[in-house]
Number of protein chains: 2
Amino acid sequence: MNRHEAAGEQPIRTAFAVGDDLELDLIELLFFAYRDFTSDPDQILSVDGFGRAHHRVLHFVNRMPGLTVAELLDVLKITKQSLARVLKQLIDTGHIVQVQGPKDRRQRELYPTAKGRELAFALALPQSRRIRAALRETGEDRREVIGRFLKAMVDPELRAQIDRLPDSRSSERDGEPSDD
Amino acid sequence: MNRHEAAGEQPIRTAFAVGDDLELDLIELLFFAYRDFTSDPDQILSVDGFGRAHHRVLHFVNRMPGLTVAELLDVLKITKQSLARVLKQLIDTGHIVQVQGPKDRRQRELYPTAKGRELAFALALPQSRRIRAALRETGEDRREVIGRFLKAMVDPELRAQIDRLPDSRSSERDGEPSDD
DNA sequence: GAGATATGTCAACAAGGCTGACCCATTTTG
DNA sequence: CAAAATGGGTCAGCCTTGTTGACATATCTC
C-alpha cells in the first residue's frame with residue numbers, strides 16, 4: 001500500500017518527452033484512428049460469429065480472387081494453422097470456395113461466392129465512409145498525400161506486395177499470368 | 001459431392017469493386033501500415049516478456065503521469081480486469097508505481113519510474129523513426145495534414161480525449177492553444 | 001450509518017496468434 | 001521410376017489479451 005515508493009522506485013511526475021524528438025502525437029493518433037477504424041466492421045462481423053481474422057481473409061480473397069493459400073499466408077503474415085481455423089469457417093458457411101489449381105493440382109485457388117462478396121462489401125462500406133468523411137475534413141485533395149504517407153510507413157520489402165494488388169480503380173487480375 | 005463448388009456456391013472470378021466507391025487502397029494501406037508500425041516495439045517487448053497491452057499502458061502512464069486507474073481505463077477502452085493483469089506486472093517489475101490520491105484516497109495515481117520511462121522511450125523511438133522516415137518521403141510539410149486526417153478518423157466523441165493529452169511539441173505554455 | 005464509488009481480485013471463457021508433429025496428394029528431381 | 005520436395009490440411013497444446021460476472025475492501029458523500 002505504501003511500500004511501492006521504496007528505494008529506486010521514485011515516481012516521475014514530469015510529462016513524457018516534452019522536448020524529446022519523439023512523434024508522440026502521430027503515434028497516439030495512429031492508435032486511436034486504427035482502433036476506431038476497425039470497430040465498424042467488428043459490429044457486423046459479430047452477427048455471423050466472425051472476427052477480425054475472418055474479415056482480413058475475406059477481404060483479400062475478394063481483392064485477389066484466385067489467390068492460393070500460400071499467397072494469402074504471405075499477405076497476412078500468419079501461420080498456416082492460424083489461417084486454417086478461420087478459412088475453414090468461411091468455406092463451411094459458403095463465403096469462400098476453393099478450386100483446384102489448373103496447373104498445379106496441389107494448389108487451392110480461393111474465390112469468394114456471391115455471399116462472400118456481399119459480406120466483404122458490407123464490411124468495406126462503413127470503413128470507406130469513415131475514410132471519406134475524414135478526407136472531407138482534411139481537404140479532399142489530400143488523398144494522394146495520405147496514401148503516400150501510409151505506404152511509406154510499410155516495411156520497404158513488403159511494399160512490393162501492395163503494388164501487386166489490383167488498382168482499385170482499374171483493371172482486374174484474373175487475366176494471364178505474366179510469366180510461366 | 002465433397003467438391004466445394006456445389007450448387008449455389010459458384011466462385012466469383014472478377015476483382016473486387018472495380019468501379020464501386022470503396023476506399024480499398026486506403027483500407028489496405030491502413031492495415032499494412034499499422035501492422036508494421038506495431039512490429040517494431042513488439043521485438044523489444046518480447047525481451048521483457050511483455051506484450052502490446054503492456055506497451056499501451058506504459059505509454060499513456062508516461063504521457064499523462066499521475067492519471068488514475070479509471071482515467072486509464074477510459075483512454076484504453078478495455079475492462080478493469082484486462083488492465084489489472086498487465087498493470088500488476090508493470091508494477092511488480094518496477095516500471096510503474098502507484099501513489100494514493102491526495103484528495104481522494106481511494107484513487108491510485110499512476111506514475112512511471114525511471115525504468116518505466118526508459119522503456120517507454122525505447123519503444124517510442126523506432127516508431128518515431130519510422131514516422132519521420134515516412135514524412136520525409138511524403139514531404140516534411142505534410143505532418144499537419146496527416147495529423148488532421150488521422151484525427152478525423154477517430155470517433156468524434158473520443159476526440160476530446162486526444163485534445164486532453166499534453167501537446168508533445170510546440171508549447172502552449174505561452175499562450176492559447178493553437179486551434180486544431 | 002447507509003450507500004455510492006474506486007480499486008482489486010477470483011474464475012471462467014473466447015478469439016486469434018504461435019509451435020511442433022504428421023498426413024496426403026502431387027510435382028519435381030536424381 | 002523411386003525418392004524427395006512442395007502445397008495443403010489437421011491434431012494438440014500453449015500464450016496473450018480481450019470479455020462477463022461476482023465479490024471484497026477502502027473511502028467518500030449524504
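The model shown is predicted, which means the values in this text are computed figures rather than measured ones. Just so it is clear: chains get the letters A, B, ... in the order the sequence lines come, proteins before strands, and each one is counted from 1.
- Within the nucleic acid shown, B:R52 comes within 4.0 Å of sugar-phosphate atoms alone, with no base atom in reach, counting heavy atoms only.
- If you measure from atom CD of B:Q98 to atom C1' of D:dA26, you get 14 Å, rounded to the nearest angstrom.
- At least one side-chain nitrogen or oxygen of B:R56 sits closer than 4.0 Å to the OP1 or OP2 atom of D:dG18.
- In this entry the distance linking CZ of A:R105 with P of C:dC24 reads 18 Å, nearest Å.
- For B:S82, a side-chain nitrogen or oxygen approaches OP1 or OP2 of D:dT19 to under 4.0 Å.
- Comparing A:K77 and A:R106, the nucleotide of DNA chain C nearest to each residue sits closer to the 5' end for A:K77.
- Look at CG on A:L87: it is 14 Å from C1' on D:dG7, rounded to the nearest Å.
- Using a 4.5 Å heavy-atom cutoff, the side chains of A:H54 and A:L58 are not in contact.
- Using a cutoff of 4.0 Å between basic side-chain nitrogens and carboxylate oxygens, A:K115 and A:D48 are not scored as salt-bridged.
- Interface remark: the B:R108 side chain does not form any donor-acceptor pair with the C:dG8 base, using a distance-only criterion of under 3.5 Å.
- Along DNA chain D, the nucleotide closest to A:Q81 and the one closest to A:Q107 are compared, and the more 5′ of them pairs with A:Q107.
- Between the side chain of A:K88 and the base of D:dG9, no donor-acceptor pair of N or O atoms lies under 3.5 Å.
- In this structure, B:H54 reaches the D:dT17 phosphate: one of its side-chain N or O atoms is under 4.0 Å from OP1 or OP2.
- Of the candidates D:dG8, C:dG17, C:dT7, the closest approach to any side-chain atom of B:A70 belongs to C:dT7.
- Between B:E23 and A:R129, no side-chain nitrogen of the basic residue sits less than 4.0 Å from a carboxylate oxygen of the acidic one, so the salt-bridge criterion is not met.
- Place A:T79 and B:A84 on DNA chain C by their nearest nucleotides, and B:A84 ends up nearer the 5' end.
- For NZ of A:K77, the number of neighbouring non-hydrogen atoms (other residues, nucleotides, ligands) closer than 6.0 Å is greater than 12.
- Judged by distance alone with a 3.5 Å cut-off, a donor-acceptor contact links the side chain of B:R85 to the base of D:dG18.
- Side-chain atoms of A:H59 and B:E28 include a donor-acceptor pair closer than 3.5 Å.
- Taking only distance into account, the side chain of A:K80 meets the base of D:dG9 through a donor-acceptor pair shorter than 3.5 Å.
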